[in-house]
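Just below is one structure, and these are the notes that go with it.
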Amino acid sequence: MFSIIDCNNFYVSCERVFRPDLEHQPVLVTGNNDGCIIARSNEVKALGIAMGAPLHTIRPLIQRHQIAVFSANYALYGDMSQRVMRVIEEQTSGALEIYSIDEAFVKLNTSPAQLEPQAAHLRSIVRQQTGIPVSIGIAATKTLAKLANTCAKKLPTGVISLSDDHSIDELLRVMPVDEVWGIGAKRAEWLIGQGIRTAYQLKCADPVWIQRHLTAPAARIVWELRGVSCLPLDADPAPKKEICTSRAFGKAIQSEQELAEAVAFYTSRAAEKLHKQGGLASLITVFLHTNPFQPDLPQYAAHCKVPLAEPTGNAAELIAAAKRGLRQCYKQGYFYHKAGVILSQITSETMAQGTLFPLARDSRDERLQAVVDIINRTYGRNTMYLAACGTQRTWQMKQGRRSPRYTTSWDELLKV
DNA sequence: TCTGGGGTCCTAGGACCC
DNA sequence: TCTGGGGTCCTAGGACCC
């Protein structure tokens, strides 16, 4: 059985850990520059304040209801998240998939009767050791577990286990189709146009028909609603393929100089993230745009891709490349609202680059062969890209990629 | 020389998630 | 005045190769 453990109003709960006096008070957390709302307590939700609402549109409500407002403290939330995940890991023997900063999937292997008591116990331990309240949904598939979790949030016990078909269908019948995990605004609109309004109707739809008109992932959702698991637990997620750092500016920026400073800063943050996962990037994309919320002003958006000569994690090199990209994108005379960088074509540090030692003439063949052996043994054959000998040089390998310059032929390597 | 099928790789854009 | 900051996956279409 899959269970999903989801922190309730996570950012708000983190703030409350250090402000217990706000326990039953309305609390919200705002994003960058206090622009819009990114987390709400139940009290704030009950006031009808929407996720993502611009702060300035709800000033009167904040005053009237004395809502406590916090600016997001991502360092704190990241730290609290790690604590919660650690407790979950300690308490469950099954594999853990950290799905987001505030959610984790866990596979439970307990007997059906024990599922809810075990979850209730986990919930109280997490609360006790971290101060964070969580809800837990349990079912045969991830999609059903998510639905169970949605319901669990409304219960004082905070735990729901869906096991018998009858109660599952009962729940699906009252669940609007757009609340199903993976059904967003666009798909919901189309489904409703086809007369499919509830999760139950989606479950009964023909997956082949759904795939033809929507996508393969949408068809998978149908199967998952039927109790056929299509989304396995991923306990060992791959390193990030893209790393993005971007911000909206507090005020509009016109000068290239100011933009360059912002872009350099974002690049260094992105390089830190890259370093943390031990990666090297081969491409950096710079983008910038004006404020789409001010359509009366002239609008401009651009992005520029700058390939790196070779994969790098070096911040200075990345910043230099980002600045070159910015020079290409930048146009004078606009009020810029947001900019960012994306690092991509990421390879693992150990895979992508290393250094060969200088070789003495008489030992050359043996040592080169040793290097080739190590590479072939470690990474599989056909990964050799370039080998050098006789002098200290760097070598490169391309992951799973054929290149006109690759070879594993001993004679070729000797020639190189 | 012409034609076509089968396959891969890359890119852009859409949709979705938290 | 003031409108978040990350990510992933899939699809379609074009280029290219055999």
Side-chain angles (χ1 to χ4, degrees), chain A residues 4-11 28-40 49-60 62 69-74 77-78 81 97-105 142-143 146 149-150 178-191 210-221 230-231 234 237-252 266 269-270 273 277 282-283 285 287 289-295 297 301 303 305 307 335 337-346 398 400-404:
Chain A
I4 175 121
I5 299 147
D6 188 322
C7 302
N8 300 345
N9 313 327
F10 183 55
Y11 295 172
L28 59 79
V29 177
T30 65
N32 178 35
N33 303 317
D34 293 338
C36 69
I37 290 161
I38 59 172
R40 305 160 296 160
I49 294 175
M51 186 74 162
L55 195 63
H56 68 94
T57 61
I58 55 152
R59 288 274 183 213
I62 291 175
V69 179
F70 290 87
S71 295
N73 180 350
Y74 294 107
Y77 310 150
S81 172
E97 174 186 342
I98 297 173
Y99 178 68
S100 74
I101 193 166
D102 67 339
E103 282 170 274
F105 286 101
K142 282 181 161 182
T143 305
K146 283 286 259 185
N149 191 281
T150 308
D178 63 340
E179 282 192 32
V180 175
W181 189 40
I183 303 298
K186 287 283 179 188
R187 286 177 189 164
E189 190 189 329
W190 184 85
L191 287 168
I210 292 285
Q211 174 156 358
R212 197 163 62 232
H213 291 95
L214 293 175
T215 55
R220 243 172 260 148
I221 292 169
C230 304
L231 305 170
D234 183 9
K240 300 258 181 271
K241 297 172 183 169
E242 281 187 351
I243 291 172
C244 174
T245 304
S246 72
R247 296 283 184 284
F249 306 126
K251 63 176 175 57
Y266 302 154
R269 295 303 300 270
K273 296 183 206 171
Q277 72 172 38
S282 299
L283 184 70
T285 305
F287 65 88
H289 59 77
T290 52
N291 192 341
F293 299 104
Q294 294 186 312
L297 288 181
H303 68 270
K305 296 182 170 189
F335 292 95
H337 167 74
K338 184 171 177 176
V341 299
I342 304 167
L343 302 182
S344 56
Q345 296 182 358
I346 293 172
K398 294 218 165 169
R401 180 122 30 115
R402 261 190 320 186
S403 147

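We name chains A, B, ... by the order of the sequence lines, and we start the count at 1 in each one.
- The NZ atom of Lys186(A) sits 16 Å away from the P atom of dG13(B) (whole-angstrom rounding).
- Counting heavy-atom neighbours within 6.0 Å of Lys241(A) NZ, excluding the residue itself, gives a total of 12 or less.
- Taken from OH in Tyr77(A) to CG in Asp102(A), the straight-line distance is 12.0 Å, to the nearest 0.5 Å.
- The residues Glu97(A) and Lys142(A) are annotated as salt-bridged, a charged nitrogen and a carboxylate oxygen being separated by less than 4.0 angstrom.
- Within the 4.0 angstrom heavy-atom criterion, only backbone atoms of the sugar-phosphate kind lie near Val180(A); the bases stay farther away.
- Rounded to whole Å, the distance from CD1 on Ile5(A) to C1' on dC18(B) is 17 Å.
- Look at dG14(C): its Watson-Crick or wobble partner, with both distances under 3.5 angstrom, is dC9(B).
- Regarding Glu97(A), its CD atom lies at a distance of 13 Å from the C1' atom of dC18(B), rounded to whole Å.
- Ile183(A) comes within 4.0 angstrom of the backbone, heavy atoms only, and of no base.
- The pair Lys146(A)-Glu103(A) meets the salt-bridge criterion, with a side-chain N (NZ, NE, NH1 or NH2) lying under 4.0 Å from an Asp/Glu carboxylate O.
- Taking CG from Leu191(A) and CD1 from Ile210(A), the interatomic distance works out to 5.5 Å, rounded to the nearest 0.5 Å.
- Protein atom CD1 of Ile221(A) is 14 Å distant from nucleotide atom P of dA15(B), rounded to whole Å.
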- Reading nucleotides 3-10 of chain C from the 5' end, what letters show protein touch, with B for base, S for backbone sugar-phosphate only, - for no heavy atom under 4.0 Å? BBSSSBSS

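- The separation of dT3(C) from dC17(B), taken at their P atoms, amounts to 25 Å, rounded to a whole angstrom.
- The distance from atom CH2 of Trp181(A) to atom P of dC17(B) is 9 Å, rounded to the nearest whole Å.
- The two residues Lys305(A) and Leu283(A) have their closest heavy-atom pair at CB-CD1, 4.1 Å.
- No contact: Phe10(A) has no heavy atom under 4.0 Å from any strand.
- Straight-line distance from the CD1 atom of Ile210(A) to the P atom of dT11(C): 14 Å, rounded to whole Å.
- The aromatic rings of Phe287(A) and His289(A) lie parallel to each other, their planes meeting at an angle below 30°, with 60° marking the opposite boundary.
- At whole-Å resolution of the value, CD in Gln345(A) and P in dT11(B) are 7 Å apart.
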